[in-house]
Protein chains: 2
Amino acid sequence: MKKTCGTCDMRGMLSFQILWLLSKKSMHGEELAEEIEKRRGAKPKAGTIYPALKELKNNGLIEGKKDGKIIKYVLTKDGKDEVKRAKAYFIRSFKDILLSD
Amino acid sequence: MKKTCGTCDMRGMLSFQILWLLSKKSMHGEELAEEIEKRRGAKPKAGTIYPALKELKNNGLIEGKKDGKIIKYVLTKDGKDEVKRAKAYFIRSFKDILLSD
DNA sequence: CGCAGTATATAGGATAACCGATATATTTAA
DNA sequence: TTAAATATATCGGTTATCCTATATACTGCG
């Protein structure tokens, strides 16, 4: 994914952002990539998003329900817990940046 | 730095967080490391924070004013602009996460 | 002065995110 | 039924963050 921001390259935030999006709504890979594009301005490539989804699945945080060529991803119980934990950590790290004028 | 959060390792956010902290207050390396520790829960090691500062200096975003053994870092004009740009990007990417209940 | 503590610095290496290219399966269009 | 488009998948490689040493400079204290 092209770097849209010189200073913060968001490396390491992809899995978190995926989990958070799935906590709002079940989606498939393409849909997730588009949602992330809306936010970051650059769309994660197939070679980025699918390995990330595989990793999350291997870690038991999401599971995929296949329907034809589309795989809809849903958070597992562990995934929901992880979103909570990760979000708390994220907020503790950055809330003052967001809240500053 | 140890991973405090399984899903989001914050890789790539260090420079941004340093710049933002410096936009609030001029600080030296140790001080920055402590401020980051307050937020992330883990303190960046010397081998992490000083190369990051060097990089920012090389890019003309900060400059260091040496006073004895202490080097106080200040944002340059370019640094201030970059903080603005990076912050706008950060907020666009993550504000819905920070604002969700 | 000599020693401990603090702040800065750098080299070397591990990790992992991400991409480019490529391949496969399914659906739709023609 | 064949072609095009969509969705998923994997591999190899690059890049940059971050860490573990280790080293140096300055300060203060005895």
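Sequence lines set the chain letters: A, B, ... in the order given, protein chains first and strands last, and positions in each chain run from 1. Side-chain atoms are counted along with the backbone in the values below, which use heavy atoms only and exclude waters and symmetry mates.
Between B:Lys38 and A:Arg92, the closest heavy-atom pair is O-NH1, 4.0 Å.
Spacing between atom NZ of B:Lys45 and atom C1' of C:dA14 amounts to 16 Å, rounded to whole angstrom units. Whole-Å rounding puts the A:Met13 CE to D:dT17 C1' distance at 14 Å. Rounded to an integer number of Å, the gap from CE of B:Met27 to P of C:dT6 is 20 Å. Rounded to an integer number of Å, the gap from B:Lys43 NZ to D:dT17 C1' is 19 Å. Counting to the nearest Å, the P atom of D:dA16 and the CD1 atom of B:Ile49 are 19 Å from each other. Here the P atom of nucleotide C:dT15 and the CG atom of B:Leu14 are 20 Å apart, to the nearest Å. Residue B:Asn58 contributes atom CG, which lies 13 Å from atom P of D:dT17 at whole-angstrom precision. Nucleotide D:dT10 holds its P atom 13 Å from the CD atom of A:Glu55, rounded to whole Å.
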Please list, pair by pair, any protein nitrogen or oxygen found under 3.5 Å from a nitrogen or oxygen in nucleotides 5-9 of chain D.
from: D:dT6; atom 1: O2; to: A:Lys69; atom 2: NZ; distance (Å): 3.2
from: D:dT8; atom 1: OP1; to: A:Ile71; atom 2: N; distance (Å): 3.1
from: D:dT8; atom 1: OP1; to: A:Ile71; atom 2: O; distance (Å): 3.3
from: D:dT8; atom 1: OP2; to: A:Gly29; atom 2: N; distance (Å): 3.3
from: D:dT8; atom 1: OP2; to: A:Glu30; atom 2: N; distance (Å): 3.0
from: D:dT8; atom 1: OP2; to: A:Tyr50; atom 2: OH; distance (Å): 2.5
from: D:dT8; atom 1: O5'; to: A:Tyr50; atom 2: OH; distance (Å): 3.4
from: D:dA9; atom 1: OP2; to: A:Tyr73; atom 2: OH; distance (Å): 3.3

Derivation and outcome, side chain to side chain contact (heavy atoms under 4.5 Å, CB included), residues B:Leu53 and B:Leu32: CA-CA 10 Å; B:Leu53 287 168; B:Leu32 282 164; 3.8 Å; yes
Candidate pair A:Ile62 and A:Val74, rule side chain to side chain contact (heavy atoms under 4.5 Å, CB included), full reasoning: CA-CA 5 Å; A:Ile62 65 177; A:Val74 187; over 6 Å; no
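The distance from the CD atom of A:Glu30 to the CD atom of A:Glu37 is 9.5 Å, given to the nearest 0.5 Å.
Side-chain polar atoms of B:Ser100 and A:Lys87 form a donor-acceptor pair below 3.5 angstrom.
The side chain to side chain donor-acceptor pair (under 3.5 Å) check on A:Asp96 picks up B:Arg39, with sequence neighbours excluded.
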